[in-house]
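First comes the structure, then the notes that go with it.
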2 protein chains.
Amino acid sequence: MSNLKYSRQRKAIVDFLESRTDHPTADIVYINMRKEFPKISLGTVYRNLSLLVEIGEAIKVPCSDGAEHFDGCTLKHYHFQCNRCGAVLDLNITDMDSIQDLNKIANVNFGGNIEGNSIFFYGKCPKCAKELKR
Amino acid sequence: MSNLKYSRQRKAIVDFLESRTDHPTADIVYINMRKEFPKISLGTVYRNLSLLVEIGEAIKVPCSDGAEHFDGCTLKHYHFQCNRCGAVLDLNITDMDSIQDLNKIANVNFGGNIEGNSIFFYGKCPKCAKELKR
DNA sequence: CTTCTTGCAAATAGTTTGCATATAG
DNA sequence: CTATATGCAAACTATTTGCAAGAAG
């Protein structure tokens, strides 16, 4: 591919992604970068985000809400979206074992080769669940 | 909401979705509808697709490839996208049981309320897997 | 110097919407 | 007749790209 050179903007984007537990869209990253780099352009943000996804330092989280969300955490975990407030959260599943062999199970009778999976949970987030109890 | 009236265009879209095992984008639906309705507009296609999603006769399948994909099959099943050719396929998992209680497992320590999940598998589809073996 | 990166602006892709006309009930 | 649906075009949102200037190695 291409040889990477250091850039302050890219560094800041990586740091920002790592500092968040939610999953910002490109636009949110852009708005936050402008605090430190008032002249940064959306193009730069998009270019860096897809570069980070390419080299595996971030992942894309596809949601059904128009925009792509980005996640700086490369460790395997699962995603949740609240169908009331739209928040995208990480999910720490305690009993990972039952998920481990999902790929094998799915591969039975498939004919191709299943390399991975992404699980998306939905429902009410803790905050909304609390508000609805009142 | 709104009271539905019959429309030949909507009927054709439903039939088309049901006839496919892949998961067409709005654009593909549009192109195919034009065979029967040369003057149909993209607006009509989009309006009907989101209407069908609303009333539960279709679902949106979010992919990381720019466009939303639509699925006419309301029965629960899982999705697969080939990371070589981009095809989106259905997956019939024989041993559903291990997936059944995923929601319960995920709900432990969550605090909110998990209502459902969607699992997306990726890898090589049967066709691509075959081509790569040569 | 040479290569990669940026900012800016223009271009593109996917989707939504306003409005006048057509169709279903 | 009244409400919903359609076609068309314009508007909008998210994302990508060409290019000249700037920074890294």
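Chain A is the first sequence line, chain B the second, and so forth, proteins listed ahead of strands; every chain is numbered from 1. Below, all heavy atoms of this structure are taken into account, side chains as well, without hydrogens, waters or symmetry copies.
- One atom, CG of A/Asn3, and another, P of D/dA24, lie 16 Å apart when rounded to the nearest Å.
- Considering only side-chain N and O atoms, A/Gln9 lies nowhere under 4.0 angstrom from the phosphate OP1 or OP2 of D/dA23.
- In this structure, A/Leu42 atom CG and C/dA9 atom C1' are separated by 12 Å, rounded to whole Å.
- Between B/Ile55 and B/Leu4, some side-chain heavy-atom pair lies under the 4.5 Å cut-off.
- Aromatic ring centres of B/Phe120 and B/Tyr78 lie farther apart than the 6.0 Å criterion allows.
- When rounded to the nearest whole Å, the span between CG of A/Leu49 and P of D/dT15 equals 9 Å.
- At a threshold of 4.5 Å between non-hydrogen side-chain atoms, the residues B/Leu102 and B/Ile119 count as touching.
- When distances are taken from the side chain of B/Thr44 to each of D/dA5, C/dG14, D/dG7, the shortest belongs to D/dG7.
- Counting to the nearest Å, the C1' atom of D/dA5 and the CD1 atom of B/Ile40 are 11 Å from each other.
- Below the 3.5 angstrom threshold, one finds a donor paired with an acceptor across the side chain of B/Arg47 and the base of C/dG18.
- You'll find that the side chain of B/Ser7 is closest to D/dA5, out of C/dG7, C/dT15, D/dA5.
- Atom pair A/Lys11:NZ and C/dC4:P shows a separation of 22 Å (rounding to whole Å applied).
- Looking at A/His23, its side chain does come within 3.5 Å of a backbone N or O of A/Val88 through a donor-acceptor pair.
- Atom CD of B/Glu54 and atom C1' of D/dA5 are 15 Å apart (whole Å).
- At a cut-off of 3.5 angstrom, counting only N and O atoms as typed in the model, there is a donor on one side and an acceptor on the other between the side-chain of B/Lys5 and the base of D/dA3.
- Here B/Tyr46 reaches the OP1 or OP2 of C/dT15: one of its side-chain N or O atoms lies under 4.0 Å away.
- The OH-P distance, from A/Tyr30 to C/dC8, rounds to 8 Å in whole Å.
- Residue B/Asn48 is classed as a sugar-phosphate contact, given heavy-atom separations below 4.0 Å to backbone atoms only.
- If you find the closest nucleotide of DNA chain C to B/Glu68 and to B/Tyr6, the one lying nearer the 5' end belongs to B/Glu68.
- Note: CD1 (A/Ile13) to C1' (C/dG7) measures 13 Å, nearest angstrom.
- Between A/Phe80 and A/Cys125, some side-chain heavy-atom pair lies under the 4.5 Å cut-off.
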